[in-house]
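What follows is a short report on a single structure.
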Protein chains: 2
Amino acid sequence: MSREPRARRQPYSVDVVALTPRDNELAVLLERRGDGAGRDKSVRWVIPWTVSKSGEGLTELSQRALRNSTGAATTWTTQVGAFSDGPHPGGSELSILYVALVPMGQATVSSENFEWFRLSDLPALTERQSQMLQVSVAAVRDRLDLYPVAFKLLPATFTLSELQHIYELLLGRRLHKASFRRALAAAALVEPTDEWRSEGRGRPAQLYSLGTRKRRRGKRGVRFDLLG
Amino acid sequence: MSREPRARRQPYSVDVVALTPRDNELAVLLERRGDGAGRDKSVRWVIPWTVSKSGEGLTELSQRALRNSTGAATTWTTQVGAFSDGPHPGGSELSILYVALVPMGQATVSSENFEWFRLSDLPALTERQSQMLQVSVAAVRDRLDLYPVAFKLLPATFTLSELQHIYELLLGRRLHKASFRRALAAAALVEPTDEWRSEGRGRPAQLYSLGTRKRRRGKRGVRFDLLG
DNA sequence: TCAATAGTGTCTGTTAGACATTATGGA
DNA sequence: TCCATAATGTCTAACAGACACTATTGA
């Protein structure tokens with residue numbers, strides 16, 4: 001990399017879409033654009049990113065981007081893909097995109113340059129950034145049944161109603177309470193703790209944690225839940 | 001595939017894992033390593049790749065890599081991700097990985113430098129290449145219920161038994177014939193043609209094609225088919 | 001007490017898997 | 001004819017969704 005001339009154009013950047021539950025939907029962490037350098041003055045918010053400095057790996061880069069934007073502790077991240085369409089605020093050709101899931105209630109910001117936006121209330125974004133955000137959310141959604149991503153949006157212990165709300169939020173539809181719990185029990189996914197939480201009126205809810213038991217993929221029939 | 005001089009470190013390459021069904025399992029297209037320039041002389045096969053020339057997009061790059069390796073017509077490709085661990089045969093820091101699915105019976109090679117290998121009978125690969133291959137296969141497998149990837153491994157018309165074999169190959173387990181067909185019918189995924197095919201003994205099978213009807217995602221309950 | 005939420009038991013229609021049966025060709 | 005494969009009907013156990021009900025707290 002250092003053999004290349006000091007180009008105006010970075011070869012690639014690592015961009016991080018951080019998501020957290022907020023007001024019954026997802027919220028994304030955006031960075032205020034410092035100057036008016038961009039051609040499109042109306043775009044004032046961008047997806048946080050970093051560029052490689054000295055042989056850092058992609059994972060380290062994504063972690064650094066996260067540390068710079070949320071002050072929060074390490075959160076779960078996974079790579080989404082590489083994007084090249086449209087301009088990037090940092091001038092990079094390629095955006096290597098990571099999505100990070102921040103547990104409910106831990107969505108902080110490191111400075112005033114960062115802010116969380118609900119997906120239904122987004123500021124204007126460039127084409128590439130908008131596409132990256134959309135693909136990030138889809139990636140999380142589509143892995144919902146395969147990977148325990150819903151749990152990454154919750155603290156270590158949670159109530160089953162909270163867990164169901166996360167699933168409903170990600171799936172975009174209501175779920176049946178009894179069925180949801182039966183499926184959870186069948187998969188031995190969660191383990192009860194001996195704590196309860198009382199919130200406002202109503203019976204207190206028992207707190208659960210993600211189970212530690214080895215689960216194996218059920219030998220269930222094939223479903224053709226194709227999109228489109 | 002005209003390569004940059006080896007001394008120059010490419011910022012990134014586009015690598016393509018082409019997969020096709022072969023002998024009841026998947027096979028991958030590899031390129032013979034031309035010279036003995038690598039440190040590890042035992043590695044003689046690599047995943048085909050290209051490097052950017054003049055502002056080509058990622059998709060175009062992957063298509064070019066494919067055209068260079070299989071002489072075949074355009075096949076279905078999708079991006080898998082970006083990899084940076086370990087050395088790359090072309091010296092690139094980053095590998096942007098695409099997976100291409102080549103229909104059964106169309107797995108040709110463009111020259112003697114390329115060869116198809118069954119996954120159970122692979123030659124030695126570098127760490128990054130081995131990882132990329134593994135992730136590619138997993139990506140196809142994991143999207144099986146969401147995207148019609150199985151059909152990309154078949155010609156335009158096929159028998160239901162062939163389709164089931166592809167699913168079994170990808171899932172790594174046997175499926176129930178009647179259930180498989182019921183699920184297909186329920187999803188209105190395939191449409192019968194008026195052709196039949198007789199192969200060896202036994203009753204001839206009707207040929208089907210992928211249906212054109214709009215399918216929407218069923219409002220089915222949540223499954224927790226978590227891995228590991 | 002009422003209101004609100006947690007958690008569970010029961011019923012029913014649907015579906016996955018097992019099994020059996022028919023259909024249709026080749027050896 | 002026997003054999004192999006396609007295609008389909010029937011039965012049953014499991015499960016998803018609906019509904020009702022109990023449980024437990026705060027107002």
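Proteins get letters first, then strands, A, B, ... in listed order; numbering begins at 1 in each.
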Using salt bridge (charged side-chain N to carboxylate O under 4.0 Å, His left out) as the criterion, point out the one residue from B/Arg174, B/Arg141, B/Arg173 that pairs with B/Glu168.
-> B/Arg174
Which comes earlier along DNA chain C counting from the 5' end, the contact point of A/Arg201 or that of A/Glu162, where each point is its nearest nucleotide?
-> A/Arg201
5′-ward residue of the pair B/Pro204/B/Arg223 relative to DNA chain C | B/Arg223
Can you measure [X] atom [atom1] to [N] atom [atom2] for me and round it to whole angstrom units?
X        : N      : atom1 : atom2 : answer
B/Phe158 : D/dT5  : CZ    : P     : 21 Å
B/Arg197 : D/dT5  : CZ    : P     : 15 Å
B/Leu184 : C/dT15 : CG    : P     : 15 Å
B/Leu207 : D/dA6  : CG    : P     : 12 Å
B/Arg181 : C/dA23 : CZ    : C1'   : 13 Å
B/Phe224 : D/dC15 : CZ    : P     : 14 Å
A/Trp196 : C/dG7  : CH2   : C1'   : 12 Å
A/Lys177 : C/dA4  : NZ    : P     : 15 Å

Assign A/Thr159 to base, sugar-phosphate, or nothing according to its heavy-atom contacts below 4.0 angstrom with the strands shown.
-> nothing
Looking at every strand, decide which applies to B/Gln206 at a 4.0 Å heavy-atom threshold: base, sugar-phosphate, or nothing.
-> sugar-phosphate
Can B/Arg128 and B/Ser95 be counted as having a side-chain donor-acceptor contact under 3.5 angstrom?
-> yes
Side-chain H-bond candidate by donor/acceptor type, B/Glu31 with B/Ser69, under 3.5 Å | no
So which pairs with a foot in residues 114-140 of chain A pass ring pair (Phe, Tyr, Trp, His ring centres under 6.0 Å), sequence neighbours left out?
-> A/Trp45-A/Phe117
Check whether the side chain of [X] and the base of [N] form a donor-acceptor pair under 3.5 Å.
X        : N      : value
A/Arg182 : C/dG9  : no
A/Arg203 : D/dG26 : no
A/Ser179 : D/dG17 : yes

Ignoring the backbone of B/Ala178, work out which of D/dC19, C/dT10, D/dT8 is nearest its side chain.
-> D/dT8
Would you say a side-chain N or O of A/Ser161 is under 4.0 Å from OP1 or OP2 of C/dA6?
-> yes
Check for a donor-acceptor pair, side chain of B/Arg32 on one end and backbone N or O of B/Glu112 on the other, with a separation under 3.5 Å.
-> yes
Return the 5'-most residue of the pair B/Val222, B/Glu199 with respect to DNA chain D, ranking by each residue's nearest nucleotide.
-> B/Glu199
Of A/His176 and A/Gly202, whose nearest nucleotide on DNA chain D comes first from the 5' end?
-> A/His176
